[in-house]
Amino acid sequence: MDKRSNRVQPIRLSPEFFPLDIHKSMFINDLMITIPQYYAESWDPKVLAKHSKNNNKWDVEITYESPKETGKVKRTFKAKLSLFFARGRKQTSSYRLKWDNMFAVQLANDYPKSFVRSLEYHIGDEYYKEQKFTEYDIGGFKEQLQVKIKWKNDSPIITIKEFFRVREESQGFPKVFKELSSYLIADYLLSSEDEILRRIQITKWKPRKEMSKELNENNIYLLLNRNQKELYFGETKKSLAQRYPKNQKHHSFEDWTEYSIIQLPPETSEHTRLLIERILIAVGSKLFPNTLYSDLPVLGATRGLILKNKRR
């Protein structure tokens, strides 16, 4: 246990790794870090001597290990290590590691509090600069990764894993961070500013017991019984928690076990939302057995689903 409150860490920094504060540029806009000068100076001088303006970019795979609390799962991500040349800078202070959105999303999922703090600083940029705040003045904590870069056959081998992580029970609002993270990630890591305005957000399939946590309004939703191959399309202006309070029976489909939500943009009108629902029902009735139309469905019950809607 780290002596500092609310931190968990390995006993020591792993050999040949350097500590890395998790910061905004790792999630938003830049998606990169600069390699510390002291760390680059530890590389073999023979390797450094081979780097030049004609040999300054390397496509790499990051071997990433998720935090201990999430199972220490190993994944690989594409990235690029590069050496840039700027007047007055030493070679060893000029190495950068840049990655794509997929790794940024993974970090945001694994370190949600750091992601939310970074997003707060990003949105409130002008305000916080006027207050002369740094990113780390917000929230009162700092999570860290540890990074290793080894050179083999003139190619970098990169490993990234946990160093410090705020424990979930000490995050203040860990369930809120978890529930909102998918929406925040979708908007700020996977969309341009124009795309945010028209983006719809689709959740993964979730168990029925989690319905009471759904607070977002203006939704198309799907109810599913996977074992019985039954499906229902619905729409609601309310949140799903309000639409289906605990212990309330559904008017036409009680045996559903999972759900998924298509959250519509906030400017979507009630007329448009109802139209989308009716289109989905109409398409579903053409594909799956149902009581709405007498047409022969494209997919029989053995190959498809049974549509449970009773009204068009």
Worksheet item: To the nearest 0.5 Å, what is the distance between CH2 (Trp256) and CD (Gln228)?
Response: 14.0 Å

Worksheet item: Does Lys74 make a cation-pi contact with Tyr64, if we ask for NZ or CZ under 6.0 Å from the ring centre and within 45° of the axis?
Response: no

Worksheet entry | Single-linkage hydrophobic cluster, 4.5 Å side-chain cutoff, Met102 and Val73 together | no

Worksheet item: Does the pair Lys238/Glu270 count as a salt bridge with the N-to-O cut at 4.0 Å?
Response: no

Worksheet entry | Sidechain N-carboxylate O distance under 4.0 Å for Lys24, Glu135 | no

Worksheet entry | Pairing residues for Glu120 by the salt bridge (charged side-chain N to carboxylate O under 4.0 Å, His left out) criterion, not counting sequence neighbours | none

Discussion item. Less than 4.5 Å apart, side chain to side chain, heavy atoms only: is that true for Ile220 and Leu264?
Written reply: yes

Worksheet item: So does Phe85 have more than 12 non-hydrogen atoms from other groups sitting under 6.0 Å from CZ?
Response: yes

Worksheet item: When the aromatic ring centroids of His122 and Phe27 are compared, is their separation below 6.0 Å?
Response: no

Item to complete: Kindly write out the residues that satisfy side-chain contact (heavy atoms from CB on, under 4.5 Å) with Ser260, not counting sequence neighbours, or none if the list is empty.
Response: Ile202, Thr203, Trp205

Worksheet item: Can Gln263 and Asn218 be said to form a side-chain contact (heavy atoms from CB on, under 4.5 Å), step by step?
Response: CA-CA 6 Å; Gln263 186 186 357; Asn218 203 22; 5.9 Å; no

Worksheet item: Do you know which two heavy atoms are closest between Arg165 and Thr70, and how far apart they sit?
Response: NH2-CG2, 4.4 Å

Fill in: Main-chain N/O of Leu48 paired to Trp151 side chain as donor or acceptor, under 3.5 Å
no

Worksheet item: Looking only at heavy atoms, what is the nearest atom pair of Pro156 and Val60, with distance?
Response: CG-CG1, 3.2 Å

Practice prompt. Give a yes or no on whether the backbone of Glu210 and the side-chain of Tyr259 come within a donor-acceptor separation of less than 3.5 Å.
Written response: yes

Worksheet item: Does one side chain, of Tyr244 or Tyr221, offer a donor that lies under 3.5 Å from an acceptor on the other?
Response: yes

Worksheet entry | Test side-chain contact (heavy atoms from CB on, under 4.5 Å) applied to Lys98 - qualifying residues, sequence neighbours left out | Met32

Fill in: Polar contact flag, side-chain donor to acceptor under 3.5 angstrom, Glu217-Ser239
no

Response to the item:
From the list Leu31, Thr34, Ile62, side chain to side chain contact (heavy atoms under 4.5 Å, CB included) with Leu97 holds only for Ile62

Practice prompt. Could you pull out the closest heavy-atom pair between Met211 and Leu223, with the gap in Å?
Written response: CE-CD2, 4.2 Å

Fill in: Test applied, side-chain hydrogen bond (donor to acceptor under 3.5 Å, both in side chains); reference residue, Lys50; option that passes from Asp154, Asn55, Asp44
Asp154

Discussion item. Measuring only between side-chain heavy atoms, which start at C-beta, is Asn227 closer than 4.5 Å to Thr257?
Written reply: no

Practice prompt. Measure across Thr236 and Arg243 and return the closest heavy-atom pair with its distance rounded to 0.1 Å.
Written response: OG1-CD, 3.8 Å

Worksheet entry | Pair Glu235 + Arg278, salt bridge at N-O below 4.0 Å | no

Worksheet item: Are any non-hydrogen side-chain atoms of Tyr39 and Thr92 less than 4.5 angstrom apart?
Response: no

Fill in: Check: Leu83 main-chain N/O paired with Asn56 side-chain donor or acceptor under 3.5 Å
yes

Worksheet item: About how many Å separate CD1 of Ile160 and CZ of Arg75, when rounded to the nearest 0.5 Å?
Response: 14.0 Å

Worksheet item: So Phe77 and Gln106, side-chain contact (heavy atoms from CB on, under 4.5 Å) or not? Walk me through it.
Response: CA-CA 10 Å; Phe77 295 92; Gln106 184 67 53; 3.7 Å; yes

Item to complete: Find out if a path of hydrophobic residues (ILVMFWY) with successive side-chain heavy-atom gaps under 4.5 Å connects Leu274 to Ile261.
Response: no

Discussion item. Using only atom types and a distance under 3.5 Å, with no angle test, would you say the side chain of Ser94 pairs donor to acceptor with the backbone of Lys90?
Written reply: yes

Item to complete: Using a strict 4.0 Å threshold on nitrogen-to-oxygen distance, state whether Glu258 and Arg208 make a salt bridge.
Response: no

Worksheet entry | Test item: Gln144 and Leu20 side chains (from C-beta on) under 4.5 Å apart, heavy atoms | no

Fill in: Test side-chain contact (heavy atoms from CB on, under 4.5 Å) applied to Ile306 and Asn290, step by step
CA-CA 6 Å; Ile306 299 171; Asn290 61 89; over 6 Å; no

Discussion item. Using only atom types and a distance under 3.5 Å, with no angle test, would you say the side chain of Asn54 pairs donor to acceptor with the backbone of Ser52?
Written reply: no

Item to complete: From the options Leu222, Asn225, Asn309, select the one residue that forms a side chain to side chain contact (heavy atoms under 4.5 Å, CB included) with Tyr232.
Response: Asn309

Worksheet item: Should Leu307 and Phe233 count as side-chain neighbours, where that means a heavy-atom distance under 4.5 Å?
Response: yes

Discussion item. For the CD atom on Glu126, are there more than 12 heavy atoms of other groups (residues, nucleotides or ligands in this structure) within a distance under 6.0 Å?
Written reply: no

Worksheet item: Between Leu81 and Arg96, is any pair of side-chain heavy atoms under 4.5 Å apart?
Response: no

Practice prompt. Starting at OG of Ser269, measure out to NZ of Lys237 and round the result to the nearest 0.5 Å.
Written response: 10.5 Å

Discussion item. Once you measure the plane-to-plane angle for Tyr121 and Tyr128, does it fall in the parallel (<30°), tilted (30-60°) or perpendicular (>60°) bin?
Written reply: parallel

Item to complete: Could you pull out the closest heavy-atom pair between Tyr111 and Leu145, with the gap in Å?
Response: OH-CD2, 3.3 Å

Practice prompt. Using a 4.5 Å cut-off on heavy atoms from C-beta on, say whether the side chain of Ile22 contacts that of Leu107.
Written response: no

Practice prompt. Identify whether Phe84 and Ile149 are in the same connected component of the hydrophobic contact network (ILVMFWY, side-chain heavy atoms under 4.5 Å).
Written response: no

Worksheet item: Could you give the distance from NE2 (His23) to CZ (Arg117), rounded to the nearest 0.5 Å?
Response: 9.5 Å

Worksheet item: Any side-chain donor-acceptor pair under 3.5 Å between Lys161 and Ser14?
Response: yes

Fill in: Criterion side-chain contact (heavy atoms from CB on, under 4.5 Å) on Gln37 and Tyr95, from CA distance to verdict
CA-CA 8 Å; Gln37 180 176 339; Tyr95 288 87; over 6 Å; no

Worksheet item: Do Val283 and Leu280 come within less than 4.5 Å of each other through their side chains, counting heavy atoms only?
Response: no

Worksheet item: Quick one: CD on Glu16 to OG1 on Thr159, what's the gap to the nearest 0.5 Å?
Response: 10.0 Å

Worksheet entry | Minimum-distance pair of heavy atoms, taken over all atoms of Tyr38 and Pro19 | OH-CD, 3.7 Å

Worksheet item: Thinking salt bridges, do Lys72 and Glu162 make one under a 4.0 Å N-O criterion?
Response: no

Response to the item:
One should read off an interatomic distance between Ile281 CD1 and Lys286 NZ, to the nearest 0.5 angstrom, of 14.0 Å

Discussion item. Just checking Trp43 against His51, ring centres under 6.0 Å apart?
Written reply: no

